[in-house]
Peer 1: 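First the structure, which I've put down as structure tokens, then a few questions once you've had a look.
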Amino acid sequence: MGERVKNLSLVVLCAMMCFLMFVNMALATDAPQLAFVRQMMGISYTKSEAGDADTSIPLSIMPQKIAIKNLQGLFWAVEEEDYHELVSMSNPILSEALGTAGTPYPISKEQFLELFSGCGIYASFDLAAPPYLLEQWLATETALPIGTDTLFACAKGEEVVLAIFDGQTYYVCETSAGYDRLMALCTQFESVNSIFAFEDSYFANLLELEPVLTKSTSLTTYQVGFPDFVKAGELPEEVLTAFSVNSYLTKVYKTSAGDIVYVEGYVALQLSQNGTLAYSAPADSGLALGISADMEDGEYEQELVKKTQKLLQTIQRSVGNSLPFSLGEVKREGERYILGFEEHLGSCFVTAPGGYSAIFVIEEGRVVSISLSLASYSPADKTTLLPFRLAAVLMEGAANRFSIRYEHSQGGTLFPVICYYEGRRDNGVE
């Protein structure tokens, strides 16, 4: 009798083990054959594919500065309303100029600066923007073979040409953009608030084509906050899904600093008390971007940036962030790529406490590390920025550029500050 009971117990245990294995498969996969089990248990699980994203959040590269030059002078769109209005009005013309641009040829600095005496649209970027990012920004295709640090779509005679500076060499190329259309836009802006640095010897240390603010301007300050789940110390299901982390298979830990860590296999997702979300995984377990390893380096980088942007967009949607992100850096270290993205708020970029608001590390076509600021911003007060002539007194000899950026203060407020730096914004001083 005892032997029968023992055998019966073994059968029951085996049946329970098979059932649990079956349920685990239902939870861990999205196989349609197992959908009825998930439905019966009230479970909804969708595995996120890197690159699948809603395109409602604009993602590409955005100009750090945009301005209009006309016969009255230079109008730099510093305030938020002016920035977005000018971007909207100038993009069709810039798109037409970029899409019809001929082969660029190098010219002297003197020839380049001479073009800036005429009417045109000025735009500059935080990095030498490769053509594929300009295509994404302006929704066009171009045969332009060079990156663009600064571009100026300007009138020359009764034609429109593109003056391009890639950070080292000055170029110009002919376009088929409409001259009348460009001039009509330039004449709409009668206000003048800036000059180019080469127009005043006082700014001799600056790069000659840098806009310099000559009048005071008013910008919004913002109160910094974080999503409710940061204070609650628990990631919502949609955030875990965006990182392809299955909440039913994770182990959750709490660090001595109060951070929450979700671990699934060798993948970790950490929610810090300071409002940072960090993802880490080994190369064979990271988020696959679906990029062919057979591509040429330039084509591979282009695809890598686009797929990473789409993944960032998916994550943005899951955490409730609708601010546009702009690519600020692409760095290659052997077979590893590091991409830094900046948030664009109002008319300025945000300098996050860790540098970039989002940093992605990619190895072998897989994302192995992500650092994301979860900060959100609500308008507070207005503050006044003084003309750059006063800030120029503090400039060190090596600095050659100005920008206006938002910086975090200790009081939880985001303030606009005047930065001066050499080359890109990496060496900025406020």
Peer 1: Taking it one step at a time, do V160 and C154 satisfy side chain to side chain contact (heavy atoms under 4.5 Å, CB included)?
Peer 2: CA-CA 5 Å; V160 177; C154 57; over 6 Å; no
Peer 1: Check this for me, if you would: do E342 and R405 make a salt bridge, where the nitrogen-to-carboxylate-oxygen distance has to be below 4.0 angstrom?
Peer 2: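 Looking at R405 together with E342, the answer is yes, because their closest N to O distance falls below 4.0 Å.
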Peer 1: Treating Q273 as the side-chain partner and G258 as the backbone partner, does any N or O pair qualify as donor plus acceptor under 3.5 Å?
Peer 2: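 Yes.
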Peer 1: Is there a side chain to side chain contact (heavy atoms under 4.5 Å, CB included) between E208 and K109? Walk through the geometry before answering.
Peer 2: CA-CA 9 Å; E208 290 88 344; K109 181 193 295 185; 2.8 Å; yes
Peer 1: For the side chain of T221 and the backbone of D381, is there at least one donor-acceptor N/O pair under 3.5 Å apart?
Peer 2: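 It does hold such a pair.
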Peer 1: When rounded to the nearest 0.5 angstrom, what is the spacing between CG in L235 and OG in S318?
Peer 2: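 Those atoms lie 9.0 Å apart.
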Peer 1: Going through the distances and angles, do Y122 and F196 end up as a ring pair (Phe, Tyr, Trp, His ring centres under 6.0 Å)?
Peer 2: CA-CA 11 Å; Y122 170 96; F196 287 115; 5.6 Å; yes
Peer 1: I'd like to know whether CD of E234 has more than 12 heavy-atom contacts from other residues, nucleotides or ligands below 6.0 angstrom.
Peer 2: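 Atom CD in E234 is not crowded, with 12 or fewer foreign heavy atoms closer than 6.0 Å.
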Peer 1: Which atom names give the shortest non-hydrogen contact between K156 and L115, and what distance separates them?
Peer 2: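 Closest pair (atom of K156, atom of L115, distance): CD-CD2, 4.1 Å.
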Peer 1: Identify whether the distance between the nearest side-chain nitrogen and carboxylate oxygen of R181 and E96 falls below 4.0 Å.
Peer 2: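 Yes, this pair counts.
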Peer 1: How about I146 and P104: do any of their side-chain heavy atoms sit closer than 4.5 Å?
Peer 2: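 Yes; the side chains approach each other to less than 4.5 Å.
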Peer 1: Going through the distances and angles, do L345 and L414 end up as a side chain to side chain contact (heavy atoms under 4.5 Å, CB included)?
Peer 2: CA-CA 10 Å; L345 181 62; L414 207 63; 3.5 Å; yes
Peer 1: Could you tell me whether the side chain of V252 reaches within less than 4.5 Å of the side chain of I260, counting heavy atoms only?
Peer 2: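 The answer is yes, as the side chains (C-beta and beyond) meet within the 4.5 Å cut-off.
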Peer 1: Quick check for you: to the nearest 0.5 Å, what is the distance between I359 atom CD1 and L312 atom CG?
Peer 2: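 I359 CD1 to L312 CG: 12.0 Å, rounded to 0.5 Å.
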Peer 1: With a 4.0 Å cut-off on N to O distance, would you call D126 and R401 a salt bridge?
Peer 2: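 Not counted as a salt bridge, because no side-chain N and carboxylate O are separated by less than 4.0 Å.
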Peer 1: Where do S357 and F325 come nearest, in terms of heavy atoms and distance?
Peer 2: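 In terms of heavy atoms, the two residues are closest at CB-CE2, 3.8 Å.
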Peer 1: Are the side chains of S292 and Y300 in touch, meaning some heavy atoms are under 4.5 Å apart?
Peer 2: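 Contact flag for S292/Y300 side chains = no.
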Peer 1: Determine the minimum heavy-atom distance between A97 and T175, stating which atoms define it.
Peer 2: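 Looking at all heavy atoms of both residues, the shortest contact is O-CG2, 3.5 Å.
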Peer 1: According to the interplanar angle, ranging from 0 to 90°, do the rings of F112 and F116 count as parallel (below 30°), tilted (30 to 60°) or perpendicular (above 60°)?
Peer 2: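 Geometry flag for F116 against F112: tilted rings.
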Peer 1: Cut-off 3.5 Å, side chains only: do Q316 and S322 have a donor facing an acceptor?
Peer 2: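 No, because no side-chain N or O of Q316 sits under 3.5 Å from a partner of the opposite role on S322.
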Peer 1: Apply side chain to side chain contact (heavy atoms under 4.5 Å, CB included) to residues D259 and Y253 and explain how you reach the verdict.
Peer 2: CA-CA 8 Å; D259 298 348; Y253 303 92; over 6 Å; no
Peer 1: In plain terms, say whether E301 and R332 are close enough for a salt bridge, that is, a side-chain N and a carboxylate O under 4.0 Å apart.
Peer 2: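 Salt bridge flag = no for R332 with E301.
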Peer 1: May I ask you to decide if K310's main-chain N or O and T314's side chain share a donor-acceptor pair within less than 3.5 Å?
Peer 2: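 Pair found, side chain donor or acceptor close to backbone of K310.
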Peer 1: Is the shortest heavy-atom distance from the side chain of L185 to the side chain of I68 under 4.5 Å?
Peer 2: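 Sidechains of I68 and L185: in contact.
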Peer 1: If you count heavy atoms of other groups shown closer than 6.0 angstrom to CD of Q223, is the number above 12?
Peer 2: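 Result for CD/Q223: enclosed.
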Peer 1: Is the backbone N or O of L304 less than 3.5 Å from a side-chain atom of T308, with the two atoms forming a donor-acceptor pair by type?
Peer 2: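 Between the backbone of L304 and the side chain of T308 there is a qualifying donor-acceptor contact (under 3.5 Å).
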Peer 1: With a 4.5 Å heavy-atom cut-off, do V78 and L213 have their side chains touching?
Peer 2: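 The answer is yes; the side chains approach within 4.5 Å.
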Peer 1: Under a 3.5 Å distance rule, please check whether K382 uses its side chain to pair with a backbone N or O of S218 as donor and acceptor.
Peer 2: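 The answer is no, because no donor-acceptor pair under 3.5 Å joins these two groups.
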Peer 1: Ignoring hydrogens and geometry, is there a side-chain-to-backbone donor-acceptor pair from T241 to E237 under 3.5 Å?
Peer 2: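 A pair under 3.5 Å: yes.
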Peer 1: Return the minimal non-hydrogen interatomic distance between P227 and L374, and the atom names on each side.
Peer 2: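 Here P227 and L374 meet closest at CD-O, 3.1 Å.
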Peer 1: Using 30° and 60° as the class boundaries, would you call the ring planes of Y222 and Y406 parallel, tilted or perpendicular?
Peer 2: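 Taking Y406 first and then Y222, their aromatic rings stand perpendicular (interplane angle over 60°).
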Peer 1: Can you establish whether the number of heavy atoms outside Q270 located under 6.0 Å from its atom CD is more than 12?
Peer 2: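 Buried by this count: over 12 neighbours within 6.0 Å.
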Peer 1: Stepwise, does the salt bridge (Lys or Arg N to Asp or Glu O under 4.0 Å) test hold for E264 with K251?
Peer 2: CA-CA 7 Å; E264 181 188 349; K251 295 180 179 179; over 6 Å; no
Peer 1: CD/E303 to CD/E296 distance, rounded to the nearest 0.5 angstrom?
Peer 2: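 One finds 14.0 Å between CD of E303 and CD of E296.
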Peer 1: Quick one: does F360's side chain get under 4.5 Å of F341's, heavy atoms only?
Peer 2: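 Yes. Closest side-chain heavy atoms under 4.5 Å.
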Peer 1: If you round to the nearest 0.5 Å, how far is CH2 of W137 from OG of S95?
Peer 2: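 Reported to 0.5 Å precision, the distance equals 9.5 Å.
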Peer 1: Short question: side chain of S285, backbone of A281 - any donor-acceptor pair under 3.5 Å?
Peer 2: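 Answer holds: no.
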Peer 1: Centroid-to-centroid, W76 to F402, below 6.0 Å?
Peer 2: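 Distance test on ring centres: not under 6.0 Å, no.
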Peer 1: Which heavy atom of T220 sits nearest a heavy atom of A380, and at what distance?
Peer 2: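 Heavy-atom minimum between the residues: CG2-N, 4.3 Å.
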Peer 1: Could you tell me whether the side chain of T142 and the main chain of L144 form a donor-acceptor pair under 3.5 Å?
Peer 2: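 Pair found, side chain donor or acceptor close to backbone of L144.
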Peer 1: Counting C-beta onward and ignoring hydrogens, is there a side-chain heavy-atom pair between E407 and C419 closer than 4.5 Å?
Peer 2: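 E407 vs C419: side chains touch.
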Peer 1: Would you call E343 and P324 a side-chain contact if the rule is heavy atoms closer than 4.5 Å?
Peer 2: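 When only atoms from C-beta onward are counted, P324 and E343 do not touch, as no gap falls below 4.5 Å.
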Peer 1: L271 pairs by side chain to side chain contact (heavy atoms under 4.5 Å, CB included) with which of T276, V230, V239?
Peer 2: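 Of the listed residues T276, V230, V239, the side chain to side chain contact (heavy atoms under 4.5 Å, CB included) partner of L271 is V230.
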Peer 1: Side chain of H84, backbone of G346: donor and acceptor closer than 3.5 Å?
Peer 2: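 Pair found, side chain donor or acceptor close to backbone of G346.
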Peer 1: Taking all non-hydrogen atoms of both residues, which atom of F75 and which atom of S191 are closest, and how far apart?
Peer 2: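 Taking F75 first and S191 second, the nearest heavy atoms are CB-O, 3.3 Å.
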